[in-house]
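Proteins get letters first, then strands, A, B, ... in listed order; numbering begins at 1 in each.
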Amino acid sequence: MSSGTLYDKVWERHKVGELPNGEDQLFVGLHLMHEVTSPQAFGMLRERDLDVAFPERTFATTDHIIPTTPEERERPFADEQAETMLQALERNTEEAGIEFFDLDSGKQGIAHVVGPELGLTQPGQTIVCGDSHTSTHGAFGAVAMGIGTSQIRDVLATGCIAAEKMDVRRVEVTGELGDGVGAKDLILHIIGELGVDGGVGHVYEYAGEAIERLDMEGRLAVCNMSIEGGARAGYINPDQTTYEYLRGREYAPEGEEWDRLMEYWESVASEPDAKYDDVVTVDADDLEPMVTWGVNPGQVVGVTEPVPGPDEFAGKDRDNAEKAYEHMGVEPGETMEGYDVDVAFLGTCTNGRVSDFREAAAVLEGETVDPDVRALAVPGSETVRKQCEAEGIAEVFEEAGFQWRRAGCSMCLAMNGDALEGDEVCASSSNRNFVGRQGSKDGRTVLMSPAMVAAAAVEGEIADARAFGGDA
Amino acid sequence: MVRAIRRVTGTGVPVRGDDIDTDQIVPARFLKEVTFDDMGEYAFYDARRDDDGSLNDHPFNEYRGARVLVVNDNFGCGSSREHAPQALLRWGIHGIVGESFAEIFRDNCTALGIPTVTAEPETVTELQNFVESDPDAGIEIDLANERVVFDDTEVGVTADPAMRESLVEGEWDTTALMYQNLDRTRETAASLPYTDS
């Protein structure tokens, strides 16, 4: 059993007590909410005539169903279901006294982009949201995990979740990422190495020199995809990079309060002699830009590497590989480089931050999107959008032929009308390449970094972004 | 308090395959509803249909009325959407036997009173074969004793201890349990340096 890790310490500080079944009752420091998984929870609360216990610890945004063009965002929405969902969120947050970053606030966006950029996400917190990518917030040294709707009911009514402590696996990343290789490539590689269910029963602590060198937005991308490796939570110990990113943000503490909290943040970091249930080492040297070739995020290769053949797998991995070849129409032995692309999608809670758009813009500068490619740039939040517009990045996208959209989850899961059609192939900066994920059951998703999405948009096929010479 | 769930009995439905994710169990486009009432209609929606929209031979078309779902490895991975177990429950599933489950999915099932028990791959395959050979035969998940009974045989299965305790003792209403501790929760909150607002 682990001891002395950040996970152990944060857990202990938030533990209210033990429940009859042996689970712990854990206080939730930050609850983020969106329109898709919360209305049913408020319905359950009303059935029991219960109030929201800690409204000041919950913040809401709208992301999953929100249209991403200015015209479609006029109220009421043409999509009646989307309008109903947003109205439910407006009513629920208003009645409960929960702060809601609505469309007029200028702060609306994907929960996992909004929390960090506003300074709501802080080290040493327990953070939950009705979304599996809540693991993102672990980048700050928080214990952050996705929950279901009945658990949202629990959080609203009691400020707590019932949870079992998991094992802690330290994922030590040695070496150095090369030019044009970034956080997204690293996490895809880690999932490829450890498997899509390798993290079940575990929390991942990412550590080592390659992790320490990542900036905050890179760390957010790494922790975001913990769940794709089966780990419900993933975190990185807070350090100067964390504190510098946090300082000055709207909801971040200031002055004496900052100093007081800094003491707490430093106190929860993993001890040098902390005990882990498991330690694995992953090497970042010689890594190249990664692309998925299959239908789960662990089916991944370097862009110049051949797609592995069925004989390289055993058991269920072999069955899954066979399914993937058929769905994707890929040939084992060939590389993904040159695989035709119909759609380029840049955004999401994985890669929808300013640094992601900067990275892609460096590739797009002076280039033109292939005429056969539909290219969407969807900022992760309105804050990101405005920053990109101020920096002239939006202009680079538009001049290259990308549609420059408003903030939302968009084509990551295609709930808002942005969707693949038929068997279109999407070069996507998102986190899941499951069959049907992007709105068409025959659609094909290839996961990759923002720079690689930009390169694919220009070439109309998967291409090595490093050849563009941009500082990707 | 909620009712105790010691066993689930009924006919079975086998859904074969590893890593079946919640996007397959309920595609995202069906999540745009503010209640779970109609989720049963969307269970495995795409997998159950051919390209022209007609129903195919997916087990959820062929084994109507079944109460026990039999699945393979890492079932329910991906999204945290409770819509997935809600859809299965409203379709008629009251218990699941599998090789393994994704954690959020398992917790969501427990919150709805659906036991999820795990068995060796050979046992799961045997059970799936049995259901296919005799779809009308009854199966029992005996949660209290951690076994599955079918075809006059008993096999041992494993249940997460906390899940088993909650369901068997009728203590799976976590809201009611934790609400009793609201004062203690406020003390814990007050002891944290970042919650003094």
Side-chain angles (χ1 to χ4, degrees), chain A residues 13-14 16-17 19-23 25 27 29 36-37 39-40 43 48 53-54 56-57 65 81-82 84-85 88 122 124-125 130-132 146-151 153-154 157-160 162 164 196-197 200 230 232 260-261 264 296 316 319-320 413-415 432 434-437 439 441, chain B residues 17-19 21 23-24 27-29 31-36 46-47 51 72-74 77-83 85-86 100-105 107-108 111-112 160-166 169 171-172 174-179 181-182 184-189 191-195 197:
Chain A
R13 292 293 299 255
H14 291 77
V16 174
L19 295 169
N21 68 3
E23 286 185 314
Q25 177 171 350
F27 178 69
V36 172
T37 56
Q40 310 85 351
R48 297 173 184 225
F54 297 89
E56 74 282 5
R57 310 271 7 131
I65 53 102
Q81 285 183 302
T84 302
M85 296 207 99
Q122 295 169 17
Q125 292 176 330
D131 187 283
S132 62
I147 57 174
T149 295
S150 293
Q151 290 178 297
R153 174 198 67 200
D154 288 349
T158 73
C160 296
E164 275 181 280
V196 290
D197 57 359
V200 172
R232 193 164 184 176
R260 194 168 55 81
L261 283 176
Y264 171 64
N296 74 47
K316 78 162 193 174
D319 296 343
N320 283 345
L413 79 172
M415 284 189 72
R432 279 192 184 134
F434 296 159
V435 172
R437 172 76 178 179
K441 70 175 184 171
Chain B
D18 297 319
D19 304 315
D21 57 75
D23 276 89
Q24 290 179 55
R29 64 184 186 279
L31 271 48
K32 288 161 74 171
E33 298 184 9
V34 295
T35 73
F36 291 129
D46 286 340
D51 287 341
N72 299 101
D73 195 43
N74 198 29
C77 61
S79 153
S80 62
R81 62 188 67 156
E82 190 169 303
H83 304 68
Q86 288 276 3
S100 72
F101 298 93
E103 277 149 10
I104 305 181
F105 176 82
D107 285 358
N108 284 338
L112 302 181
D160 174 74
M163 182 268 286
R164 186 173 68 118
E165 182 77 11
S166 312
E169 299 299 328
E171 288 178 331
W172 46 279
T174 42
T175 294
L177 288 171
M178 296 195 293
Y179 194 73
N181 304 330
L182 206 52
R184 210 148 23 111
T185 303
R186 293 193 195 285
E187 284 167 26
T188 304
S191 76
L192 289 163
Y194 67 89
T195 56
S197 55

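- Separation of atoms OG1 (A/T37) and CZ (B/R81) is listed at 10.5 Å; rounding is to 0.5 Å.
- Within the 4.5 angstrom heavy-atom criterion, only side-chain atoms of B/D107, from C-beta onward, approach chain A.
- Proximity to chain A involves both the backbone and the side chain of B/L31, based on heavy atoms less than 4.5 angstrom apart.
- Under a cut-off of 6.0 angstrom, the local environment of OH in A/Y264 is crowded, with over 12 non-hydrogen atoms contributed by other residues, nucleotides or ligands.
- Inter-residue side-chain proximity for A/V200 and B/S100 is flagged as unmet; no heavy-atom pair is nearer than 4.5 Å.
- Geometrically, B/R184 does not engage A/F27 in a cation-pi contact defined by less than 6.0 Å to the ring centre and at most 45° from the axis.
- If you take OH on B/Y194 and CD on A/Q125, they are separated by 5.0 Å, rounding to the nearest 0.5 Å.
- Residues B/N72 and A/K316 are not in side-chain contact: their nearest non-hydrogen atoms beyond the backbone lie 4.5 Å or more apart.
- With respect to chain A, the highest number of heavy-atom pairs below 4.5 Å among B/M163, B/R29, B/M178, B/E165 belongs to B/M178.
- Top candidate by heavy-atom pairs under 4.5 Å with chain A, chosen from B/G78, B/A102, B/S166, is B/G78.
- For chain B, the nearby parts of A/R13 are the backbone and the side chain; heavy atoms of each come within less than 4.5 Å.
- Ranked by heavy-atom pairs under 4.5 Å with chain B, the first of A/V435, A/N296, A/D319, A/D131 is A/D131.
- A/R437 is not listed as a side-chain neighbour of B/D21, based on a closest heavy-atom distance of 4.5 Å or more.
- When each of A/G436, A/G29, A/G22 is scored by its heavy-atom pairs under 4.5 Å with chain B, the top score falls to A/G29.
- Between A/R57 and B/T195, the closest side-chain pair of non-hydrogen atoms falls below 4.5 Å.
- Both the backbone and the side chain of B/E33 come within less than 4.5 Å of a heavy atom in chain A.
- Proximity to chain B (any heavy atom under 4.5 Å) is restricted, for A/N320, to the side chain, taken from C-beta onward.
- Within the 4.5 angstrom heavy-atom criterion, only side-chain atoms of B/N108, from C-beta onward, approach chain A.
- Looking only at side-chain heavy atoms (C-beta outward), A/V36 and B/K32 stay at 4.5 Å or farther from each other.
- In this structure, chain B has a heavy atom under 4.5 Å from the side chain of A/A88, while its backbone stays farther away.
- Atom CD of residue B/E171 and atom CG of residue A/N21 lie 7.5 Å apart, to the nearest 0.5 angstrom.
- Atom OG1 of residue B/T174 and atom CG of residue A/D154 lie 3.5 Å apart, to the nearest 0.5 angstrom.
- In this structure, A/K441 and B/D51 have side chains that are in contact, with non-hydrogen atoms separated by less than 4.5 Å.
- Heavy-atom distances place the side chain of A/L261, and not its backbone, under 4.5 Å from chain B.
- Interface summary for chain B: among A/Q81, A/Q151, A/Q40, A/E23, the most heavy-atom pairs under 4.5 angstrom belong to A/Q40.
- The backbone N or O of A/S150 sits less than 3.5 Å from a side-chain atom of B/E82, completing a donor-acceptor pair.
- Here OG1 of B/T188 is found 8.0 Å from CD of A/Q25. Values are rounded to the nearest 0.5 Å.
- Most heavy-atom pairs under 4.5 Å with chain A: of the set B/P27, B/S191, B/A162, this distinction falls to B/A162.
- With a 4.5 angstrom heavy-atom cutoff, B/T35 touches chain A only via backbone atoms.
- To the nearest 0.5 Å, the span separating CG on B/D19 from CG on A/D197 amounts to 5.5 Å.
- Here the side chains of A/T149 and B/Q86 are not in contact, with every heavy-atom distance at 4.5 Å or above.
- For B/E103, the parts lying near chain A are the backbone and the side chain together; criterion is any non-hydrogen pair under 4.5 Å.
- Using a 4.5 Å heavy-atom threshold, the side chains of A/T158 and B/T185 count as separate.
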